[in-house]
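Taking it in order: structure first as structure tokens, then the write-up.
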Amino acid sequence: MKRGLFTIIGVTVGAVGTVALAPVALSMAGFTSAGIAASSMAASMMSSAAIANGGGVAAGSLVALLQSAGAAGLSAGATAVVASVGGAAGAVIGGAADLLSHSKIDGDGNGNGNGNGNGNGDEEEEETEMIHLQETKELMPK
């Protein structure tokens, strides 16, 4: 598998997934199209914001922005931000998967490698591994 493929997949899945799941997450938190759901996390946030602001929720506050997104959906700017954050998280996870899939350290941690998971298309590296494999076979008792 080519290097970076998991990273590309991670960015794509992260960006698309967060945009698709943002409305679900908002609704589950209590920011619905009908308003803030009673006894929800959103209601608790709204109560805290109202207490902190002397009885009202300030325009532009986090609670106000989340309620607006829950009621009307994400704006273009909010969609871009959510996709960027999801893509960045996916890049981190995909990059870690790339590193693990191309690791040359075998199960006992001695760094000899077992020939698995390094299929990065580098012909010189593959040729070197074949030479090492042949040398190993020659050293093995028959």
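Only a predicted model underlies this, so the values are computations on that prediction, with no experimental measurement involved. Atoms considered below: every heavy atom in the structure, side chains included; atoms not considered: hydrogens, waters and symmetry mates.
Closest non-hydrogen pair, Ala58 versus Ser61, comes out as O-OG, 2.8 Å. Of all non-hydrogen atoms in Gly60 and Leu65, the two that sit nearest each other are O-CD1, 3.7 Å. The minimum heavy-atom distance linking Ala64 with Val57 is given by the pair N-CG1, 4.3 Å. When every heavy atom of Gly30 is checked against every heavy atom of Ser40, the shortest pair comes out as CA-OG, 3.6 Å.
Distance alone, capped at 3.5 Å, is enough to place a donor-acceptor pair between the Thr18 side chain and the Gly14 backbone. Remark: side-chain polar atoms of Ser47 are not paired, donor with acceptor, to backbone N or O of Ala43 under 3.5 angstrom. Formation of a donor-acceptor pair under 3.5 Å by the Thr12 side chain with backbone atoms of Ile8 is found in this model. In terms of modelled atom types and a separation under 3.5 Å, the side chain of Ser27 and the main chain of Pro23 share no donor-acceptor contact. In terms of modelled atom types and a separation under 3.5 Å, the side chain of Thr7 and the main chain of Ala91 share no donor-acceptor contact.
Met28 CE to Leu21 CG: the interatomic distance, rounded to the nearest 0.5 Å, is 10.0 Å. Between Ser68 atom OG and Phe31 atom CZ the span is 11.0 Å, to the nearest 0.5 Å. To the nearest 0.5 angstrom, Phe6 atom CZ is 9.5 Å from Leu100 atom CG.
By the 4.5 Å heavy-atom criterion applied to side chains, Met45 and Leu66 are counted as neighbours. Looking at heavy atoms from C-beta onward, Leu26 lies out of side-chain contact with Thr32 at the 4.5 angstrom threshold.
Residues Leu5 and Val13 fall within the same hydrophobic cluster, defined by Ile, Leu, Val, Met, Phe, Trp and Tyr side chains chained together at heavy-atom separations under 4.5 Å. Leu62 and Val85 fall into different hydrophobic clusters, where Ile, Leu, Val, Met, Phe, Trp and Tyr residues are linked whenever their side-chain heavy atoms come under 4.5 Å apart, directly or through other members.
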